[in-house]
Peer 1: 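Below you'll find the structure I mean.
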Amino acid sequence: MMQGKTLVLILGAVAFSVVGQLFLKSGAQQLAGLGRLEFLLAAARDRHVLSGLVAWIASTVCWLYVLRVAPLSRAYLLTSLTYVLLPLASVYVFGEQVR
């Protein structure tokens, strides 16, 4: 059985991952019409892209703390929540359709 703190860190990693992907998608959509170099330069300054990267870093930090104390075989199973939450969030936030 995992400790409560470990479970919170896993759920934090999942939440930060989902939020980060939503920010990255939002930023990428705003930069859609740019050429390659323009896209990279604009992405480096875009607040959504930067927020997505910060959330990804936070997710990684949470995950590193989990890996210190929890068996990978159990902890990794809970990260599958990302595969459920992200499509649901993309439907709600971006109006995407899941088939």
Side-chain angles (χ1 to χ4, degrees):
M1 192 79 177
M2 277 190 238
Q3 292 181 346
K5 182 179 178 181
T6 303
L7 189 58
V8 167
L9 285 169
I10 293 171
L11 295 177
V14 167
F16 281 125
S17 179
V18 169
V19 169
Q21 291 299 322
L22 293 173
F23 272 123
L24 290 172
K25 168 74 174 179
S26 177
Q29 283 181 324
Q30 292 178 13
L31 307 174
L34 302 177
R36 289 181 188 171
L37 183 57
E38 290 174 303
F39 175 80
L40 291 174
L41 294 174
R45 296 185 311 265
D46 185 79
R47 64 185 170 98
H48 289 119
V49 172
L50 295 175
S51 296
L53 292 174
V54 167
W56 175 71
I57 290 168
S59 174
T60 301
V61 169
C62 287
W63 187 243
L64 286 173
Y65 276 106
V66 168
L67 292 177
R68 289 178 26 181
V69 297
L72 180 60
S73 59
R74 285 196 218 156
Y76 199 72
L77 291 174
L78 289 172
T79 63
S80 339
L81 287 171
T82 304
Y83 297 110
V84 174
L85 297 176
L86 190 53
L88 292 175
S90 68
V91 167
Y92 179 74
V93 174
F94 299 112
E96 295 182 355
Q97 295 181 0
V98 178
R99 296 180 185 191

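Fair warning: this is a prediction, and the values are worked out from it, not measured in the lab.
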Peer 1: Can Trp63 and Thr79 be said to form a side chain to side chain contact (heavy atoms under 4.5 Å, CB included), step by step?
Peer 2: CA-CA 10 Å; Trp63 187 243; Thr79 63; 3.5 Å; yes
Peer 1: Closest approach of Ala75 and Ala70, non-hydrogen atoms and distance?
Peer 2: CB-CB, 4.2 Å
Peer 1: Measure the SG-CG distance between Cys62 and Leu67 for me, rounded to the nearest 0.5 Å.
Peer 2: 11.5 Å
Peer 1: Working to the nearest 0.5 Å, report the span between CG of Leu50 and CG of Leu24.
Peer 2: 9.5 Å
Peer 1: Would a single hydrophobic cluster contain both Phe16 and Val93, if residues Ile, Leu, Val, Met, Phe, Trp and Tyr are joined by side-chain heavy-atom contacts under 4.5 Å?
Peer 2: no
Peer 1: Hey, are the side chains of Leu22 and Phe94 touching, using non-hydrogen atoms and a 4.5 Å cut-off?
Peer 2: yes
Peer 1: Same cluster or not: Leu77 versus Leu81, using hydrophobic residues (I, L, V, M, F, W, Y) connected whenever any side-chain heavy atoms lie under 4.5 Å apart?
Peer 2: no
Peer 1: Nearest 0.5 Å, what's the CG-CG distance between Leu11 and Leu7?
Peer 2: 4.5 Å
Peer 1: Just wondering, more than 12 heavy atoms not from Tyr76 lying within 6.0 Å of its OH?
Peer 2: no
Peer 1: With rounding to the nearest 0.5 Å, note down the distance linking CG in Leu53 to CZ in Phe23.
Peer 2: 11.5 Å
Peer 1: If we check side-chain contact (heavy atoms from CB on, under 4.5 Å) with Leu9, which of these qualifies: Val14, Val69, Val61, Val66?
Peer 2: Val66
Peer 1: Taking Leu85 as the starting point, is it possible to reach Val19 by hopping between hydrophobic residues whose side chains are less than 4.5 Å apart?
Peer 2: no
Peer 1: So, does Ser90 use its side chain to make a donor-acceptor pair with the main chain of Pro87 at under 3.5 Å?
Peer 2: yes
Peer 1: Does any N or O in the side chain of Ser51 come within less than 3.5 Å of the main-chain N or O of Arg47, such that one atom is a donor and the other an acceptor?
Peer 2: yes
Peer 1: Which pairs pass salt bridge (charged side-chain N to carboxylate O under 4.0 Å, His left out) with one or both residues in residues 23-42, sequence neighbours excluded?
Peer 2: Lys25-Glu96
Peer 1: Spell out, yes or no, whether Val84 and Val98 are grouped together once hydrophobic residues are joined by side-chain heavy atoms under 4.5 Å, including indirect joins.
Peer 2: no
Peer 1: Taking atom OG of Ser17 and atom CG of Leu86, what is their separation to the nearest 0.5 Å?
Peer 2: 7.0 Å
Peer 1: For the residue pair Ala42 and Leu31, what are the closest heavy atoms and their distance?
Peer 2: CB-CD2, 3.7 Å
Peer 1: Within this structure, what is the CG-CZ distance for the pair Leu40 and Arg45, rounded to the nearest 0.5 Å?
Peer 2: 11.0 Å
Peer 1: Write down the atom of Val49, the atom of Gly27, and the distance for their closest heavy-atom approach.
Peer 2: CG2-CA, 3.9 Å
Peer 1: Is there a path from Trp56 to Tyr83 through hydrophobic residues (I, L, V, M, F, W, Y) whose side chains come within less than 4.5 Å of each other?
Peer 2: no
Peer 1: Could you tell me whether Gln29 atom CD has more than 12 heavy atoms of other residues or ligands within 6.0 Å of it?
Peer 2: yes
